Amino acid sequence: MATTGQPAAGAVATLQESAKRHLWMAFTRMGAYAESEVPIIVRGDGCYVWDEHGNRYLDGLSSLFCANLGHGRVEIARAGAEQAERIDYFSTWSYAHPPAIELAAKVASLAPGDLNRVFFTSGGSESVESALKLARAYHKLTGHPNKTKVVAREIAYHGASLGALSATGIPALRTPFEPFTPGGVHVPNTNVYRLPEGFDPVALADAVRERILFEGPETVAAVILEPVQNAGGCFTPPHGYFQRVREICDELDVLMISDDVICSFGRLGTWFGAQRYHYQPDIVTTAKGITGAIAPLGAMIVSDRVAEPFMEGAEMFLHGFTFAGHPICAAVALAAIDAYEREGILEHVRANEAPFRAMLESLRDIPIVGDVRGAGYFHAIELVKDRDTKETFDDDEAETLLRGFLSGELFRRGLICRADDRGDPVIQLSPPLIAGAEQFEEIEAVLRPVLEEATRRMHVRGGTERVGVRRA
Ligand SMILES: Cc1ncc(COP(=O)(O)O)c(C=O)c1O
């Protein structure tokens, strides 16, 4: 249980002032805070966090898809402090230390098949960056020096560093920073809600093959895919999709990278996405939930086959980050994994996924709700202007809906979730994996009136009749 941590009234004003003057927040319109307060979260306990004024919020996003074990897990953090008493820091560059060794062995034991080599990073972008570099280096080492390109999916987010951004398929995030290292090419994602009538969803996997053939298989190093794609709103794979991609990768000698930065450590009710959807990647990238977000850590997990050429003679992977596998973070990860196991977190998600989904499905009677999709504790609601035609909102309308109303209103009513329009407008929910019936009820109690109000405000077709408001 966390201590109260509530700042005194005078300290609140100072925090606000300093936040506005000095703190540069990530992916944030700083100008928006000229007139309004920066939301300052000062403490957390379980599924809840409190702001500087003492208001309580249900953390329906696990902060950023990562506080999987809930907040206030002091006993897990304490494992880091205890580690500091032994060795506070040492690098993994030519040296090893017990927490990194033990964590590597533990992660390898949880990962499917021959994913037995664990290369640590400090977070998700570094994991993706490492995988893209490893894929290139692997092909060079095995006699295919021109295999450098990476196939990724449209609207997918794979990280903010320049290499990871070349795989990211969100134009608005890419254009301010172009040009990238060449070679990031894209294919359609698995948004089955918007597939043309009669289109076989497994053909979406064949789009990967077509793209590789178009580029020339001798130029393609890897395909990178999330088990459930976050950006765009929790796109799940059609049945057989990953199996077909695996076949294509084998046929064309392309490495399959599963970007599990969100979808691992219980988010889908399994350790890794590959176990949920039954496929075998060559490389898995992870971060976020590996420590329950109590310390920053990521990892790239590599198959024996791909790691082998780097293990021989004078070869090495010329790559690494100073703080990757930090002893304190590795000790925290070991304690977090112990908690996942002892508390039966994966089993809890599997047992509660259906009621979570059912609660979200129950909102389908609200006209603005076009689709409900996702897996495990990772779901999205797509918002539409017309449910029958699936017509979406234009840019100005999406701005009014998401930033002009939903984000602020959901937060004001005590629910932290994501209102996003990197694809079509969606609300995403990804609660801590300890959440249960009580939290699902609370989520519904906030979402229902807010979505009904959004239906009215946006003049959604069918909305005026169904939510009982007369036309103006
Ligand atoms: C699928 C995926 N890959 C990579 C990243 C980048 O991770 P990080 O923000 O830890 O660098 C993210 C972040 O959300 C992600 O969702």
Side-chain angles (χ1 to χ4, degrees), residues 25-28 61-68 119-135 150-170 172-174 177 180 184 186 189-190 222-237 242 256-268 272-274 276-277 281 283-301 321 323-326 329 332-333 336 374-380 416-418 420 422-423 426 428-430:
M25 290 176 280
F27 288 102
T28 299
L61 206 63
S62 302
S63 184
L64 201 53
F65 312 96
C66 53
N68 288 5
F119 187 97
F120 288 114
T121 68
S122 311
S125 299
E126 285 185 7
S127 299
V128 169
E129 206 70 37
S130 304
L132 300 182
K133 283 179 73 177
L134 184 73
V150 61
V151 178
R153 293 186 294 199
E154 288 159 5
I155 319 178
Y157 179 74
H158 291 292
S161 55
L162 280 175
L165 209 47
S166 75
T168 289
I170 307 169
L173 299 193
R174 292 167 57 89
F177 307 106
F180 305 121
H186 294 85
N189 54 50
T190 60
V223 174
I224 184 165
L225 310 162
E226 288 165 89
V228 175
Q229 182 176 317
N230 176 35
C234 300
F235 297 138
T236 53
F242 280 114
M256 183 177 181
I257 304 170
S258 188
D259 186 355
D260 283 38
V261 167
I262 290 177
C263 293
S264 48
F265 293 95
R267 181 58 52 201
L268 305 182
F272 295 96
R276 169 100 193 201
Y277 295 114
I283 301 174
V284 168
T285 51
T286 184
K288 296 195 188 265
I290 189 170
T291 61
I294 294 154
L297 186 84
M300 165 176 73
I301 314 164
F321 303 100
F323 289 137
H326 194 295
C329 304
V332 168
Y377 273 24
F378 187 37
H379 275 79
I416 294 176
C417 59
R418 179 179 268 187
D420 190 28
R422 288 177 295 180
V426 290
Q428 280 184 294
L429 289 143
S430 176

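Just follow the structure's listing: the first ligand is 1, and inside any ligand the first atom is 1. On a predicted model such as this, the values are computed, not experimentally measured, just so you know.
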L225 backbone acceptor or donor facing R153 side chain under 3.5 Å = no
Quick one: list whatever passes side-chain hydrogen bond (donor to acceptor under 3.5 Å, both in side chains) with D259, sequence neighbours left out.
-> H158, T285
Check ligand 1 for close polar pairs with the protein: N or O on both sides, less than 3.5 Å.
| unit_1 | atom_1 | unit_2 | atom_2 | d |
| --- | --- | --- | --- | --- |
| ligand 1 | 3 (N) | D259 | OD1 | 3.3 |
| ligand 1 | 3 (N) | D259 | OD2 | 2.7 |
| ligand 1 | 7 (O) | S125 | N | 3.3 |
| ligand 1 | 10 (O) | G124 | N | 2.8 |
| ligand 1 | 11 (O) | S125 | N | 2.7 |
| ligand 1 | 11 (O) | S125 | OG | 2.6 |
| ligand 1 | 14 (O) | K288 | NZ | 3.1 |

Please identify each residue that fulfils side-chain hydrogen bond (donor to acceptor under 3.5 Å, both in side chains) with S125, with sequence neighbours left out.
-> none
Looking only at heavy atoms, which two atoms of S264 and F272 are closest? And how far apart?
-> CB-CD2, 3.7 Å
Can you list the residues that meet the side-chain hydrogen bond (donor to acceptor under 3.5 Å, both in side chains) rule with S130, with sequence neighbours excluded?
-> H319
Just how far is it from atom CG of N68 to atom CD1 of I262, taken to the nearest 0.5 Å?
-> 10.0 Å
